[in-house]
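The figures here come from the full heavy-atom set of this structure, side chains too, leaving out hydrogens, waters and symmetry mates.
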Amino acid sequence: MQEKYSPTEIEQAAQAAWNAAKTFRSSEGTDTQKPKYYCLSMFPYPSGKLHMGHVRNYTIGDVLSRTHRMRGYNVMQPMGWDAFGLPAENAAIQNKVPPAQWTYDNIAYMKTQLQSLGFALDWDRELATCKPDYYKWNQWLFLRMLEKGIAYKKTQVVNWDPVDQTVLANEQVIDGCGWRTGAVVEKREIPGYYFGITQYAEELLSALDTLPGWPERVKTMQANWIGKSTGVRFAFPYDLSAAGSTNLPSPLAGEGAGGEGASGQLWVFTTRADTLMGVTFCAVAAEHPLATRAAQNNPALAAFIDECKHGSVMEADMATMEKKGLPTGIFVSHPLTGAQVEVWVGNYVLMSYGDGAVMGVPAHDERDFAFAKKYGIPIRQVIGVAGQTFSTDSWAEWYADKQRGTCVNSGKYDGLNHEAAVEAIASDLAALGLGEKKVQFRLRDWGVSRQRYWGCPIPIIHCDRCGSVPVPDDQLPVVLPEDCVPDGSGNPLNKREDFLHCACPQCGKSARRETDTMDTFVDSSWYYARYCAPDNVTAMVDERTNYWMPVDQYIGGIEHAILHLLYSRFWTKVMRDLGLVNYDEPFANLLTQGMVLNHIFSRRTDKGGIEYFAPEEIELVRNEGGHVTGATSLADGQPVDYGGIGTMSKSKRNGVDPQGLIEQYGADTARFFMMFAAPPEQTLEWSDSGVEGAYRFMKRVWAFGVQIGKGGASMAPTALRREIHLLLKQANYDLGKLQFNTVASACMKMLNALEKAPADPHAREGFGILLRILSPIAPHISHTLWRELAYGADILDAAWPEPLAAALEQDEQELVLQINGKHRGSLRVKVDAQHTAIEAAALGTEAAQKFMEGKAAKKIIVVPGRLVNIVV
RNA sequence: GCCUCGGUGGCGAAAUCGGUAUACGCUGUGGACUUAAAAUCCACUUCCCUUUGGGAGUGCGGGUUCAAGUCCCGCCCGAGGCACCA
């Protein structure tokens, strides 16, 4: 055994041994005695290099995999590549390399990085979503969903760059302008395919209760996203044939929502039907038929509608922009009073949400209040709270209070509370045939069409005679050509005659292939199921999937809390309903790791885009307190904008490559430091100060192993033995909480204790416990020392240590002494001492005598095993 | 803007059910070893006060309690998400 700790040597040897023995190959049912444990970390996008977020993610998964293996589970931990996506196209634009080649090169390099970290991965199950044998099944399931009506076609609104004549991703829109051209982005409606996730809204919401292994915050976020609300959908009738505002209400006007005829009904949804008597205007989206109609002979309105169509489609932009509106001159009738209500076009009303129209109640909705103040629309109070005075001068929180408010100025509804008023008004609307109570979801259907090259082709053929025809199953997969090089001016598939040209499956005549590809969230919605049957060429999944699924522990970034996790849950339910799998939910337990953050530096390009700088390309400017305030480019010495801290990502170029760390200190140090730095769920601002400490610890573990020898053990209890077992108890408790930073601490505390008593008869037992607790975090050094010190053949086959009750026993314990809640000393008592004895002992202490100042004790609180508080 | 989470020494953090705030580590300071440096080891390291002792203290302001980092109310700041980044 070498005197000196040499990580490169022992890590390469350990990894070679694992590879040769295929140690981490998993198989189903070979050992039916063992419960299965499917441990899955979210697969990476092959962006080029690993970053610290990956190291954190995959080390967490590895710690859990190795711990469960030692605890006797049949473990599977696979790895693959989320290989389709936008960055490959951006790289192609920059370097003129085909996305396929760039992606495969990145996968090859990142695989060597993952392997050098010593993860217990079953590489036999590796998959990449850009390979036809994987995405064939995206296409196959798409066709099944089309047959069942879960997939369908309708128009979608996209960001359109008028200069590049191309669709932009939200990420490519900066302050409403195209990232490369600087042109003001337009909203454009184009056809696209959707998945009917709203058909599953109710189950996606209620089934959250069947997921006790998910963090509450993730379930709350998903529930809010699905956004179930009970309200009233009702109509304002209108008749435009009688011009002007004097037209009489005609509640019996023609049926149909938002009809385009002269008469019709303007439908809206509200959760505050109790405020219906306070409606003073309606607002519709720029694309609403009534807006279109009004604009026909109103040039100012037409111009405003045009203006509404500029800017991005992002909700965050919509919510923060200035709320603007313009009256249409069209009046609709209040469904209950018949009063005339003017219709406005509002830039904040979305056509894609609900009916594309809302009622305006300025007195009881903060946004409507601001809108009404701005445009001089009447404000009519219809809700009151006892003791509060309403004023149209400024908004007050209670105006929208559902709990305390009751109806006022509302005729027959006066005095009713929120619920009673909603019931009464809903039933009156229903009697008129103008509305009903309705459950509505905020969740929208999932638009999956992307006007991009590097993705899974949508298996549709367009025929002039037959229309959109599904590609027959026996012609799947529709293979994406891998030699295209996008140039930023649209999808290169549109120029590929060999891809475009095909025969119509129905009539056999010449036809054109669909060039849109699928959202990459489709790829990641079922990869976890494919890992279970990666080699099946005749089916998407098979019985092995039902053995392994659901995933016992899923680990990934909190940024995926809503979209990826919700889409995966939806996809699972679709597969279940198609009879492909027998489980309802894909992920039994979920650990959402906090993001690893780093400073972001950027500069505006002359066209209004943003150019990011990597940390190694800049020099930091700090203030006296050491806080980063700015930076300059090393290349040109000119200042760059400091964007604060944010997630490490390829696009912001602020990722830190772990390679240097691994080469300098070894994988064990990198892994240990990553686990030690913070608890997994917490956001972590990257800093490598402290890596030295982790490395020092590894060296000390090695040095202790070198000098401990192979001596035997005695049974006599010692202080060391008690301390080691106490730390072990704590470590096992923390492991159960997935709090690995304190497990790492426990390892350090164990070593501190061992170093103080190297000659203790229990030192060898204690070191054996330390090695096993450490092994999931730093597997190479533990593997090597376990074998060298003859604890056993392979530490992976060793039993996980449990604390011994005999080692923890004690007959005295120390209690904290408080006087009036202040810490004043301590006292030692027998473990089995009665309360009265403890009280007497406490009162007899010197500290009690001193701080009670001769006063009598009013009350004595004894917390067993912890403290005594004397109140005087 | 909306939804979710977080804020504890100079820094990363710990504190299990409301019960000793700052474990473990980093940095720093002093010392040992060395011709010297590195490495290693030892000691100290929340702040304030004149102490051998005492006081304050977990983003800010209130509250509940014998006792609050932990529970309640109101703010401030940071991060994640907001449906075409993944």
Side-chain angles (χ1 to χ4, degrees), chain A residues 42 44-45 47 82 85-87 90 156 158-159 167-173 215-218 220-221 223-225 227 313-321 348 352 367 443-452 519-521 524 557-564 566-567 592 594-595 597 625-626 644-647 649-652 673 676-679 681-685 687 689-694 696-697 699-700 703 730 733-734 736-737 739 741-742 744-749 752 814-818 820-823 825-826 858-861 863 865-872:
Chain A
M42 289 179 186
Y45 178 79
S47 55
D82 188 13
L86 201 53
N90 295 341
Q156 52 178 347
V158 296
N159 301 305
V167 176
L168 297 178
N170 283 341
E171 188 187 50
Q172 298 170 321
V173 178
E216 279 309 315
R217 63 163 158 164
V218 174
T220 305
M221 279 191 265
N224 289 339
W225 183 262
V313 301
M314 280 179 270
E315 192 190 299
D317 289 343
M318 300 291 287
T320 49
M321 73 186 178
Y348 60 95
S352 54
R367 190 172 62 180
L443 181 67
R444 308 197 295 260
D445 276 346
W446 174 11
V448 292
S449 291
R450 298 289 179 272
Q451 296 68 44
R452 294 188 210 299
D519 180 5
T520 56
F521 274 124
S524 56
I558 184 67
E559 77 274 24
H560 293 296
I562 297 175
L563 293 181
H564 162 62
L566 193 64
Y567 290 150
T592 44
M595 305 278 77
L597 311 180
I645 52 171
T647 312
S649 74
K650 173 90 182 166
S651 60
K652 288 180 183 146
F673 173 65
F676 181 67
E681 304 225 78
Q682 191 164 309
T683 300
L684 177 63
E685 194 178 327
S687 157
S689 73
V691 174
E692 287 282 352
R696 251 193 297 262
F697 173 67
K699 286 193 284 191
R700 281 167 56 205
Q730 183 65 49
Y733 175 82
D734 291 344
K737 282 199 300 178
Q739 188 173 288
N741 56 326
T742 48
S745 289
C747 292
M748 289 176 144
K749 289 176 184 176
N752 289 346
E814 193 167 271
L815 298 183
V816 163
L817 176 66
Q818 293 184 342
N820 281 342
K822 280 195 194 291
H823 183 196
S826 63
K858 255 190 238 168
K859 194 170 171 187
I860 302 177
I861 290 140
V863 182
R866 292 212 176 258
L867 59 71
V868 184
N869 187 11
I870 302 172
V871 185
V872 296

Roughly how far apart are A:Thr592 OG1 and A:His560 NE2, rounded to 0.5 Å? 11.5 Å

Can you check whether A:Ser47's main-chain N or O pairs, donor with acceptor, with A:Lys650's side chain at less than 3.5 Å? yes

Taking the side chain from A:Asn820 and the backbone from A:Val872, do they hold a donor-acceptor pair closer than 3.5 Å? yes

Please tell me whether A:Gln156 and A:Ser449 have a donor and an acceptor in their side chains that are separated by less than 3.5 angstrom. no

Describe the nucleic acid contact of A:Val158 in one word from base, sugar-phosphate, nothing, applying a heavy-atom distance below 4.0 Å. base

Does anyone know the first and last nucleotide of RNA chain B in reach of chain A, 5' to 3', at under 4.0 angstrom to a heavy atom? B:G1 to B:A86

Answer with base, sugar-phosphate or nothing: what part of the nucleic acid does A:Arg866 contact at a heavy-atom distance below 4.0 Å? sugar-phosphate

Which part of the nucleic acid, if any, lies within reach of A:Phe697 when heavy atoms closer than 4.0 Å are counted: base, sugar-phosphate only, or nothing? nothing

Looking only at atom C1', what distance separates B:C72 and B:U65, rounded to whole Å? 12 Å

In whole Å, measure the gap between the C1' atoms of B:U27 and B:A13 for me. 14 Å

Using the C1' atom in both, what is the distance from B:G1 to B:U8, to the nearest Å? 31 Å

Partners meeting side chain to side chain contact (heavy atoms under 4.5 Å, CB included) with A:Asp317 (sequence neighbours left out): A:Ser312, A:Met314

Just say parallel, tilted or perpendicular for the rings of A:Phe521 and A:His564, cut-offs at 30° and 60°. parallel

When the C1' atoms of B:A86 and B:G80 are compared, how many Å lie between them, rounded to an integer? 14 Å

Base, sugar-phosphate alone, or nothing: which one does A:Pro679 contact when heavy atoms must sit under 4.0 Å apart? sugar-phosphate

Base, sugar-phosphate, or nothing: which does A:Gln818 touch, judged by heavy atoms less than 4.0 Å apart? base

Check the side chains of A:Thr647 and A:Glu559 for a donor-acceptor pair under 3.5 angstrom, ignoring hydrogens and angles. no

Select base, sugar-phosphate, or nothing to describe what A:Val871 touches, counting heavy atoms under 4.0 Å on all strands. sugar-phosphate

Quote, to the nearest angstrom, the C1' distance that separates B:G7 from B:U45. 24 Å

Which way is the base of B:C48 turned, syn or anti, if we draw the line at 90° from 0? anti

Give one of base, sugar-phosphate or nothing for A:Gln172, where a contact means two heavy atoms less than 4.0 Å apart. nothing

For B:U4 and B:G9, measure between their C1' atoms and round to the nearest Å. 29 Å

5'-most contact on RNA chain B (nearest-nucleotide basis), A:Leu168 vs A:Asn869, goes to A:Asn869

Applying a 4.0 Å non-hydrogen cut-off, can you work out what A:Gly646 is touching in the nucleic acid: base, sugar-phosphate, or nothing? sugar-phosphate

Sugar-phosphate only, base, or nothing, as touched by A:Val173 at under 4.0 Å among non-hydrogen atoms: nothing

Comparing A:Ser689 and A:Glu216 on RNA chain B - which has the more 5′ nearest nucleotide: A:Glu216

Base, sugar-phosphate, or nothing for A:Leu443, non-hydrogen atoms under 4.0 angstrom? base

When all nucleic acid strands are considered with a 4.0 Å heavy-atom cut-off, which category describes A:Lys822: base, sugar-phosphate, or nothing? sugar-phosphate

Please measure how far the C1' atom in B:G59 lies from the corresponding atom in B:C24, and state the result in whole Å. 25 Å

Audit row: A:Arg217, A:Glu681, side-chain contact (heavy atoms from CB on, under 4.5 Å) steps and yes/no: CA-CA 11 Å; A:Arg217 63 163 158 164; A:Glu681 304 225 78; 4.1 Å; yes

Which part of the nucleic acid, if any, lies within contact of A:Arg367, taking any heavy atom under 4.0 Å across all strands shown: a base, the sugar-phosphate backbone alone, or nothing? nothing

State whether the side chain of A:Gln172 and the backbone N or O of A:Ala169 hold a donor-acceptor pair below 3.5 Å, judged by distance alone. yes

Stems for RNA chain B (at least 3 consecutive Watson-Crick or G-U pairs, under 3.5 Å) come to B:1-7 with B:76-82, B:10-12 with B:24-26, B:28-32 with B:40-44, B:46-49 with B:53-56, B:59-63 with B:71-75

Across the strands shown, which category fits A:Ser649 at heavy-atom distances under 4.0 angstrom: base, sugar-phosphate, nothing? nothing

Rounded distance in Å between the P positions of B:U70 and B:G61: 13 Å

Scan A:Ser651 against the nucleic acid and name what it touches under 4.0 Å (heavy atoms): base, sugar-phosphate only, or nothing. nothing

Are any side-chain N or O atoms of A:Ser649 and backbone N or O atoms of A:Lys652, one a donor and one an acceptor, separated by less than 3.5 Å? yes

Under the 3.5 angstrom rule, does the side chain of A:Asn869 hit a backbone N or O of A:Gly821 as a donor-acceptor pair? yes

Chi-based syn or anti call at B:G9, which uses purine or pyrimidine torsion atoms and a 90° bound: syn

